[in-house]
Amino acid sequence: MENIEIARMLAQTADLMEIAGEDPFRIRSYRNAAAAIEGFPERVADIACNPARKVTEISGVGKGLAAVVCEILSRGSFDKRDELVERYPPTALEMLNIQGLGPKSIALIIEHFRVTSLEDLERLCNDQKLRTLPRMGAKLEDKVLRSIAAYRQSAGRFLLRFAMGVADELKDYFSDRTVEAAGSLRRGKESVGDLDLLVCHADPEPVLDRFVKHSKVSEVLAKGENKASVKFGLEGIQVDMRVLPPQSYGAAMQYFTGSKTHNVILRQRALRRGLTLNEYGLFELEGNARMGGATEQEIYERLGLDWIPPEMREAQGEIEAAEQHRLPRLIELSDIRGDLHMHTRETDGRASLAEMAECCQARGYEYIAITDHSKALAMANGLDEARVIAFAEQVRHIDHQAAGIRIFSGLECDIRRDGSMDIDDDALAALDFVVASVHSFMNLEPAEMTDRLLRAVENRYVRVLGHPTGRMLFNRDGYKYDFEAVATAAAHNNVALEVNSSPERLDLYDPLLRAAKAKGCKFTISTDAHHPKHLANMRYGVLTARRGWLQKEDVLNTLPVNQFAEAIRR
DNA sequence: GCCGTTTTCGGCCCGACTGTTTTCAGTCG
């Protein structure tokens, strides 16, 4: 059993314990242990069977939870979990995803009504039954109904990070041949419905056999001569694998990468040229002679187009641009020279400044900005003015030469309801780099939110607007405001807009990136890392930026360190 | 349930908002 599975089981039990109203500190221990195990560099299962090692080596796992972990490893569950699973319907855990309902309300609802599904819950709201319970009213019923609808819309889709993890796992599994992901994953979409994998091979059978025999395949949906579909892993994501001969590989890659509308336009274009395009290749209408198909380049070229990067294939003008040889040269991961948004143990991060810097150096960065929270985020132990100044002082004394990386003193400063900064100007002036972000009052009327953000980007110390829309994928929409007005003001005030690489955010994203770029905005791509392992999320931010047609020149943290330092000087 | 210790018990990030109350519990971050 892998660490992630153990962690998930502990976290799930913690959720159930919360519904059962158990001791909050005990619950936290379960959560801490889950996080520690998930982030643990070695397989916990290996440590458990090594007589020379102890599971309690993992900080956060004591005697009690070590026994639990061993029980999980030996029989796939543990007593406490069994007891809770027995006591509550499976939908209890699902209900935690519904905004407005927490563990207490869920316990109450389950106690009073036999709720076994979200449909039951929906019915309770529609029948105005929820309001018969203490502290529940019409507004809550309304909120729950809206949240159920949003939750349903996201169900069955998976975050890009998760899908990429599965794709990487299967690529490793087929280490001796090339497996490539097509579909929305290849286009870098923030979420994907299923996974399309392509393999180039003349003899499909052994490849597909091996695919369906993967230990994580829970169900084989279909298996034919050239294609197999399975449900994969605990989450049950559908994975399709197609095996293609070399002469069709490029055509299949093109076809299965999509998007659908992009492909429709390409096929129309082929027809106008007396050709027909399908997943096997490009053919002449008369006589059926093969005109291409081994590579994507060949197909685009035969259609009079430059090769179009997958992230741009959304029928947003890329075909015209390719025809006129004016496709932008998109930013690449290797262009990134620094990460400008990260947290440390000083607030709610999990590692020290030195550890974060060391990991960034190992990633090959020239510079970073440490941007811990400001005091409005009390739950994160945000910095007040005195701590901000002390921190800037501390950074000033770091020997960058010796550290091997330039560290800029930064702050993720909360934007108050009125658009003012959560930290006084005097303290902000001590810093190199201020990211301003909204973390509260997210449901203001659009006009008030627009004024708030305009005031924020007009602040002379602010360099970046952090996660500008505030969306959380599968969870909540962004704040409502006049984005164009704020982007215009940001460009005018030299405030960059952030592409936040956190897989749950990916904010800004494609249509807004293009709109902001048209207004003359600059951007940063940063991870918002709260742990060294989050630094690797930069790849998702770069993919998102590419979907917004961003080039190296549009992004501040592609600059060499001296130019970057110059660019952020007031 | 973990951790650290002034070792075997006490502390563990908590403030703001919402909707429901009629003085505050529950949720959120």
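Throughout, a chain's letter reflects where its sequence line sits, starting with A, and its residues are numbered from 1.
- Atom name P, nucleotides dG10(B) and dG15(B): the rounded distance is 23 Å, in whole Å.
- Backbone-only contact: P103(A) has heavy atoms under 4.0 Å from sugar-phosphate atoms and none from a base.
- For dC2(B), the paired nucleotide is dG11(B), the pair qualifying as Watson-Crick or G-U wobble because both relevant distances are below 3.5 Å.
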Applying salt bridge (Lys or Arg N to Asp or Glu O under 4.0 Å) to R152(A) and E119(A), what does each step give before you reach the verdict? CA-CA 11 Å; R152(A) 285 221 182 97; E119(A) 287 71 31; 3.4 Å; yes

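- Nucleic acid contact for S59(A): sugar-phosphate only, since backbone atoms but no base atoms lie under 4.0 Å from a heavy atom of the residue.
- In summary, K129(A) and E141(A) do not engage in a salt bridge, as defined by a charged side-chain N under 4.0 Å from a carboxylate O.
- Judged as a ring-ring contact (aromatic ring centres under 6.0 Å, His included), and not counting sequence neighbours, the contacts of F158(A) are F162(A).
- Across the C1' atoms, dT23(B) and dC17(B) are found 16 Å apart, a figure rounded to whole Å.
- Residue I27(A) is classed as having no contact, given no heavy-atom separation below 4.0 Å to the nucleic acid.
- Contact of the K80(A) side chain with the E22(A) side chain is registered, since non-hydrogen atoms from C-beta on lie closer than 4.5 Å.
- Nucleotides dT18(B) and dC13(B) are separated by 22 Å at their C1' atoms, to the nearest Å.
- Between F25(A) and G64(A), the residue whose closest nucleotide on DNA chain B is further toward the 5' end is G64(A).
- Nucleotides dT27(B) and dT21(B) are separated by 16 Å at their C1' atoms, to the nearest Å.
- Using a 3.5 Å distance cut-off with no hydrogens or angles, the side chains of S502(A) and E504(A) do pair a donor with an acceptor.
- Distance check on atom P: dT20(B) versus dG26(B) gives 14 Å, rounded to whole Å.
- Heavy atoms of A138(A) sit under 4.0 angstrom from primed sugar atoms or phosphate atoms, though from no base atom.
- In summary, contact between chain A and DNA chain B, defined as any nucleotide atom under 4.0 Å from a heavy atom of the protein, begins and ends at dG1(B) to dG29(B) in the 5' to 3' direction.
- Rounded to whole Å, the separation between the P atoms of dG1(B) and dT5(B) comes to 23 Å.
- Within 4.0 Å of D348(A), counting heavy atoms only, lies no atom of the nucleic acid at all.
- Checked against the 6.0 Å centroid criterion, the rings of H341(A) and H534(A) do not qualify as a close aromatic pair.
- A distance of about 16 Å separates the P atoms of dC12(B) and dT6(B), rounded to the whole Å.
- Because its glycosidic torsion is more than 90° from 0, dT22(B) is reported here as anti.
- Within a 6.0 Å radius of CD in E355(A), more than 12 heavy atoms belonging to other residues, nucleotides or ligands are found.
- Among the atoms of the strands shown, only primed sugar atoms or phosphate atoms (P, OP1, OP2) are found under 4.0 Å from some heavy atom of L140(A).
- Each of K143(A) and A380(A) was assigned the nucleotide of DNA chain B with the nearest heavy atom; the assignment lying further toward the 5' end belongs to A380(A).
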